[in-house]
Amino acid sequence: MLPCKIRPKSMPTPKLRTGPLKYAPFLFKPNLKPSSLVDPIKLLKISAETKNLRLGKILHALLITSNQPSKNGHPVFQTNSLIYFYVKCDEISVARQLFDEMPERNVVSWTALMSGYLHNGLALEVLRLYKKMVLLDGLCPNEYVFAIVISSCSDSGRVEEGKQCHGYVLKSGLVLHQYVKNALICMYSRCSDVDGAMRVLNTVPGYDVFSYNSVINKLIELEYLREALEVLDRMMVECVVWDNVTYVAIFGLCARLKDLKLGFQVHGQMLKSDLECDVFVSSAMVDMYGKCGKILYARKVFDCLPNRNVVSWTSIMAAYLQNGYFEEALNLFPKMEIEGIMPNEYTFAVLLKSSAGLSVLGLGDLLHARAEKSGFKEHVIVGNALVIMYSKTGNIKEANKIFSDMIFRETITWNAMICGYSHHGLGKEALTVFQDMLVAGVCPNYVTFVGVLSACAHSCLVQEGFYYLNQLMEQMGIEPGLEHYTCFVGLLSRAGLLDEAENFMRSTPVKWDVIAWRTLLNACHVHRNYGIGKRIAETVLQMDPHDEGTYILISNMYAKARRWDGVVKIRKLMRERNVKKEPGVSWLEIRNITHVFVSDDNKHPESSQIYEKVGELLAKIKPLGYVPDIAAVLHDVEDEQKEDYLSYHSEKLAIAYGLMKTPTGAPIRVIKNLRMCDDCHRAVKLISKVTNRLIIVRDANRFHHFHDGSCSCADFW
DNA sequence: TTAGGGTTAG
């Protein structure tokens, strides 16, 4: 009955075996008499489920040689079982050949083959087969057929055909079958038609955990978090038992909502259930605790894991990173390697961002080299992390090089480059990247416009800023938030439109935070507008009476105006309110060693040489017009002492050390915990000129690139 | 008596 040429050309020719069937003993149940042959169809099913190709082929041969129909089976059943077996063993072409040569087929023959195509990614072939089945063989599709056909519609994105199926199964009543309902929900979810999925869920009763997993995962992916919670409620009401996929999804939901209370409840429910906590669930838990700011809980879950894989390790590192514990994240890396776990692209992304957080350029370079060597550099998330790392560690040129070399870029990549340029005060470059982004057809998002508006602020582009905030964002359907409005205040401030900025803040119904008010206060300081400044200072101090930065800003503002009474008042207020004074600290990296400098501190082993170098530099820049702004320092200190106070600010010490220890022409990168003071800013500009060096200082506010006597911030920061 | 669904963590 069956032709012998079923073996396709690609398959190896089997060695010929002679004699009786050597494997016949397998076909007998040991506890039965040898004469009672086990039904080969049942054995074929077992071979299919265990993917035992060898046993199945023997059974196939047996069926051919015996040339007898199964004692209780029609020949169609035999061939259907063979098709099912070959499909399960990924021998789809053999299955197709058997199917094509069948003189007679039933619905099962078609579904067996269709499932094979569906699982091999050939969804369109399933739809072709469906048409043939109905039109040529005149067969009536059942629930099995629709489960496969609807899945094929979602796999191939054929929503219209899927909706036609939906209509048919509704009319025929087949929609009541669990598999059909789930396939429909999955189809609507995968096509991002959440309303469609919810309609199915609301019109036909009775769902299992698979349907709920499909819907919840999609809702979370599309950021419909409130709707996901509603579906979760329904799941609880219907007492559907959760599986691992559900727990992973719900921990992810808690993480996104930063809902620690719900996270605890879900964790408690999981402990009480019989669920075996696998690596997926435990990594999701580590992530949840990390995102909810509970790093110790995350660590506890991690420490208790019997088996850890690269994801578990990366999750805990990411939790440290997200909570600002950069060093802890980096320190886990060698421990992970000792356990023999190899890093992957996510691990490198987390490590690079951690080194960006610490501004350790040397370590970032090392990680860059390792990522490149291990082949992960081509991953978009590693590329993004490299752009972020280089721009945050002050090397914007290298950030741009990485960005330009990236073959595939996503919105995050573009945002990283735009925000990187903005942070460095390179507004024009940032806006050029934004234009390129639009030309490339990439959709900007909320973060993109934060970068764009801050770039406008850096370049004083008031008209463009208006256009982006009032027109383009609306056209793109992005609702402006506090960050955008704050950038806009920064833009008006930078342009010197202080009245307009204040009016804008007082008239726009936005819940302004202390950062926004400080933006305006800073502008009053730079533009020496003490009238508005005094008013804003009061507002800011009311909002946060303990922030040292605010007091320094106000004090500097009064000092610039020589309003010593104001300075004294602010200092008195600081003492009364017991505002913590943070010492000025700067650090720089030389050959992978980080050197730390504290203002007026002489603990560095080479302290006397450094102080000597500072003196030498100041002497060199005095002829160029540098006059120490003695009046800006505590006015009750003796003049001579005042100059010392200014000379030994930490950034001056760090820069002097950098000049002593690095080769001629090498750029010097310094990081400072506080804002640079006016005096240091003027001094460093001139130092960059007399030494012919590029000096990059990252202060609490932004990057300053000092070169040939000027600074990239154009004296506004 | 032969056929069908969700794949999740950083």
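By convention in this document, chain letters (A, B, ...) are assigned in the order of the sequence lines, proteins followed by strands, and residues within each chain are numbered from 1. Basis for what follows: all heavy atoms, side chains included, without hydrogens, waters or symmetry-related copies.
- Contact annotation: His119(A) reaches the phosphate of dG5(B) (side-chain N/O to OP1 or OP2, under 4.0 Å).
- Under the 3.5 Å distance criterion, with hydrogens and angles disregarded, no donor-acceptor pair is assigned to the side chains of Tyr289(A) and Arg299(A).
- Taking 4.0 Å as the cut-off between side-chain N and carboxylate O, Lys88(A) and Glu49(A) do not count as a salt-bridged pair.
- In the displayed structure, Tyr168(A) atom OH is contacted under 6.0 Å by more than 12 heavy atoms of other residues, nucleotides or ligands.
- For the pair Lys45(A) NZ and dG4(B) P, the interatomic distance rounds to 8 Å; values are reported in whole Å.
- Distances were taken from every side-chain heavy atom of His177(A) (C-beta onward) to each of dG10(B), dG4(B), dT2(B); the shortest belongs to dG4(B).
- Listed nucleotides dA9(B), dG5(B), dT2(B) differ in distance to Gln178(A); the shortest reach to its side chain belongs to dG5(B).
- Between the side chain of Asp208(A) and the base of dG6(B), no donor-acceptor pair under 3.5 Å is found.
- Ring stacking holds between Phe280(A) and dT8(B), with the centres under 5.5 Å apart and the planes within 30 degrees of each other.
- Near DNA chain B, defined here as any heavy-atom distance below 4.0 Å, the residues from residues 138-160 of chain A are Asn142(A), Glu143(A), Tyr144(A), Ile148(A), listed numerically.
- Note on Lys181(A) versus Asp208(A): no salt bridge recorded, every NZ/NE/NH1/NH2 to OD/OE distance being 4.0 Å or above.
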Between Trp110(A) and Tyr130(A), does a ring pair (Phe, Tyr, Trp, His ring centres under 6.0 Å) hold up when you go through it step by step?
CA-CA 8 Å; Trp110(A) 290 90; Tyr130(A) 172 77; 9.5 Å; no
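- For the segment residues 240-251 of chain A, the set of residues with a heavy atom within less than 4.0 Å of an atom of DNA chain B comprises Asp243(A), Asn244(A), Val245(A), Val248(A), in numerical order.
- Residue Lys181(A) places no side-chain N or O under 4.0 Å from the OP1 or OP2 atom of dG4(B).
- Contacts between residues 254-270 of chain A and DNA chain B, defined by a heavy-atom separation under 4.0 Å, are absent.
- Residue Lys88(A) contributes atom NZ, which lies 6 Å from atom P of dG5(B) at whole-angstrom precision.
- No engagement by Ala183(A) is indicated, since no non-hydrogen atom pair under 4.0 Å with the nucleic acid exists.
- Between the side chains of Tyr144(A) and His177(A), no donor-acceptor pair of N or O atoms lies under 3.5 Å.
- Rounded to whole Å, atom C1' of dA3(B) lies 15 Å from atom CG of Leu174(A).
- With respect to Arg256(A) and Glu223(A), a salt bridge is recorded, a charged nitrogen being found less than 4.0 Å from a carboxylate O.
- Across all strands shown, Asp287(A) has heavy atoms under 4.0 Å from sugar-phosphate atoms exclusively, and none from any base.
- Side-chain proximity of Ala284(A) to the nucleotides dG5(B), dA9(B), dT2(B) is greatest for dA9(B).
- Comparing atom distances between the Ile41(A) side chain and each of dA3(B), dG6(B), dT2(B) picks out dT2(B) as nearest.
- Counting only N and O atoms by type, the side chains of Ser109(A) and Asn106(A) include a donor and acceptor under 3.5 Å apart.
- One interatomic measurement links the two molecules: CG of Leu305(A) to P of dG10(B), which rounds to 14 Å at whole-angstrom precision.
- Taking atom CD1 on Ile83(A) and atom P on dG4(B), their separation rounds to 12 Å, with Å as the unit.
- Between the CZ atom of Arg308(A) and the P atom of dG10(B) there is a distance of 18 Å, given to the nearest Å.
- With centres under 5.5 Å and a plane angle under 30° as the test, the ring of Tyr179(A) is not stacked against the base of dG5(B).
- Contacts of Val281(A) with the nucleic acid, taken as non-hydrogen atoms under 4.0 Å apart, are absent.
- Residues Trp242(A) and Asn213(A) have side chains that never bring a donor and an acceptor to within less than 3.5 angstrom of each other.
- Atom CG in Leu184(A) sits about 15 Å away from atom P in dG5(B), given to the nearest Å.
- Atom-to-atom, CZ of Phe99(A) to C1' of dA3(B) comes out at 12 Å; the value is rounded to the nearest Å.
- The phosphate of dG6(B) (OP1 or OP2) has no side-chain N or O of Lys218(A) nearer than 4.0 angstrom.
- The environment of OH in Tyr297(A) is sparse: at most 12 heavy-atom neighbours from other residues, nucleotides or ligands sit within 6.0 Å.
- Nucleic acid contact class of Glu345(A) (heavy atoms, under 4.0 Å, all strands): none.
- Contacts of Asn309(A) with the nucleic acid, taken as non-hydrogen atoms under 4.0 Å apart, include base atoms.
- The side chain of Ala318(A) has dG10(B) as its nearest neighbour among dG10(B), dT1(B), dA3(B).
- For the pair Glu337(A) and Arg370(A), the salt-bridge criterion is met [side-chain N within less than 4.0 Å of a carboxylate O].
- For the residue pair Arg234(A) and Asn202(A), a side-chain donor N or O sits within less than 3.5 Å of a side-chain acceptor on the partner.
- Residues Thr347(A) and Thr314(A) have side chains that bring a donor and an acceptor to within less than 3.5 angstrom of each other.
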